[in-house]
Amino acid sequence: MRVLVQRVSSAAVSVDGRQVGAIRPDGQGLLAFVGVTHGDGVEKAHRLAEKLWNLRILADEKCAADVNAPVLVISQFTLYADTAKGRRPSWNAAAPGAVAEPLVEAFAQALRGLGAHVESGVFGAHMRVELVNDGPVTVMLEL
């Protein structure tokens, strides 16, 4: 499981022209792109959620838990792209939807259990994601 996290001042995700999740431009938040690979499980999803919630990448070396920063979770199988050969990425390392979807949801639920305000995209949908990266700060989390 990989989580590409960006510190944002605002972010929004839309499906078919309808906004389904957002971090309003009134402070700090985290945009978490979540990719799942074969062999990942619920325990890893929970550990990564805890790591994200306590990661000190907000202003003044604070974490989301310190300031109750909102988190926008977006499923992102392309985090497991293999570009070693040719010009066409391979997606073989990405878990199939039937495996990945419940783990992305487990990640979001674990964040909620830690006290986070979490919004999310729609798994498997073509999404339009807009964001204002603050810093810029972008970090890859893996366990």
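A heavy-atom distance below 4.5 Å is not found between the side chains of Phe107 and Leu103. Within the 4.5 Å cutoff, the side chain of His126 has no heavy atoms near those of the Val15 side chain. By the 4.5 Å heavy-atom criterion applied to side chains, Phe77 and Trp91 are counted as neighbours. Using a 4.5 Å heavy-atom cutoff, the side chains of Val3 and Met140 are not in contact. Leu30 has its side chain out of reach of Leu72: every pair of non-hydrogen atoms, C-beta onward, lies at least 4.5 Å apart. Arg128 places a side-chain heavy atom less than 4.5 Å from the side chain of Glu130. In this structure the side chain of Ser9 reaches within 4.5 angstrom of the side chain of Val132, judged on heavy atoms. Put simply, the side chain of Arg47 reaches to within 4.5 Å of the side chain of Glu43, judged on heavy atoms.
Note that OG1 of Thr78 and CG of Leu4 are 9.5 Å apart. Values are rounded to the nearest 0.5 Å. Expressed to the nearest 0.5 Å, how far NZ of Lys51 lies from NZ of Lys44 amounts to 12.5 Å.
Under a 3.5 Å cut-off, the side chain of Gln28 and the backbone N or O of Leu58 do not form any donor-acceptor pair. Side-chain atoms of Arg2 come within 3.5 Å of backbone atoms of Leu79 as a donor-acceptor pair (strictly under, hydrogens ignored). At least one donor-acceptor pair under 3.5 Å links the side chain of Arg7 to the backbone N or O of Asp134. Judged purely by atom type and a 3.5 angstrom limit, Asn133 uses its side chain to pair as donor or acceptor with the backbone of Val137. When atom types are taken as modelled, the side chain of His38 and the backbone of Asn92 share a donor-acceptor pair closer than 3.5 angstrom. Between the side chain of Asp60 and the backbone N or O of Lys62, no donor-acceptor pair lies under 3.5 Å.
Of all non-hydrogen atoms in Gly121 and Val20, the two that sit nearest each other are CA-CG2, 4.1 Å. The heavy-atom pair separating Gly124 from Ser75 by the smallest distance is N-OG, 4.2 Å. Ala100 approaches Ala95 most closely through the heavy-atom pair CB-O, 4.1 Å. Closest approach of Ala49 and Leu111 over heavy atoms only: O-CD2, 3.4 Å. Listed here is the closest heavy atom pair of Gly29 and Ala69: CA-CB, 4.2 Å. Residues Ala93 and Tyr80 come closest through the heavy atom pair CB-O, 3.8 Å.
Phe33 and Leu52 end up in different hydrophobic clusters when Ile, Leu, Val, Met, Phe, Trp and Tyr side chains are linked at under 4.5 Å. A chain of hydrophobic side-chain contacts below 4.5 Å, direct or via other Ile, Leu, Val, Met, Phe, Trp or Tyr residues, connects Ile57 to Val118. Placement of Phe123 and Val73 within a single hydrophobic cluster is found when ILVMFWY residues are connected by side-chain heavy-atom separations under 4.5 Å, directly or transitively.
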Going through the distances and angles, do Thr37 and Met1 end up as a side-chain contact (heavy atoms from CB on, under 4.5 Å)?
CA-CA 6 Å; Thr37 192; Met1 186 171 261; over 6 Å; no
Let's go through Val36 and Val104 carefully: what are the C-alpha distance in whole Å and the side-chain angles of both, what is the deciding distance for side-chain contact (heavy atoms from CB on, under 4.5 Å) to 0.1 Å, and is it a yes or a no?
CA-CA 8 Å; Val36 178; Val104 172; 4.0 Å; yes
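Using modelled atom types, one finds a donor on one side chain and an acceptor on the other under 3.5 Å when comparing Gln6 with Thr138.
In summary, Arg112 and Glu105 engage in a salt bridge, as defined by a charged side-chain N under 4.0 Å from a carboxylate O. With respect to Arg56 and Glu61, no salt bridge is recorded, no charged nitrogen being found less than 4.0 Å from a carboxylate O.
In summary, of the residues considered (Val71, Leu55, Leu31), a side chain to side chain contact (heavy atoms under 4.5 Å, CB included) with Val5 occurs for Leu55 alone. Remark: of the listed residues Val122, Ile23, Val129, Leu131, Val129 is the sole one forming a side chain to side chain contact (heavy atoms under 4.5 Å, CB included) with Val13.
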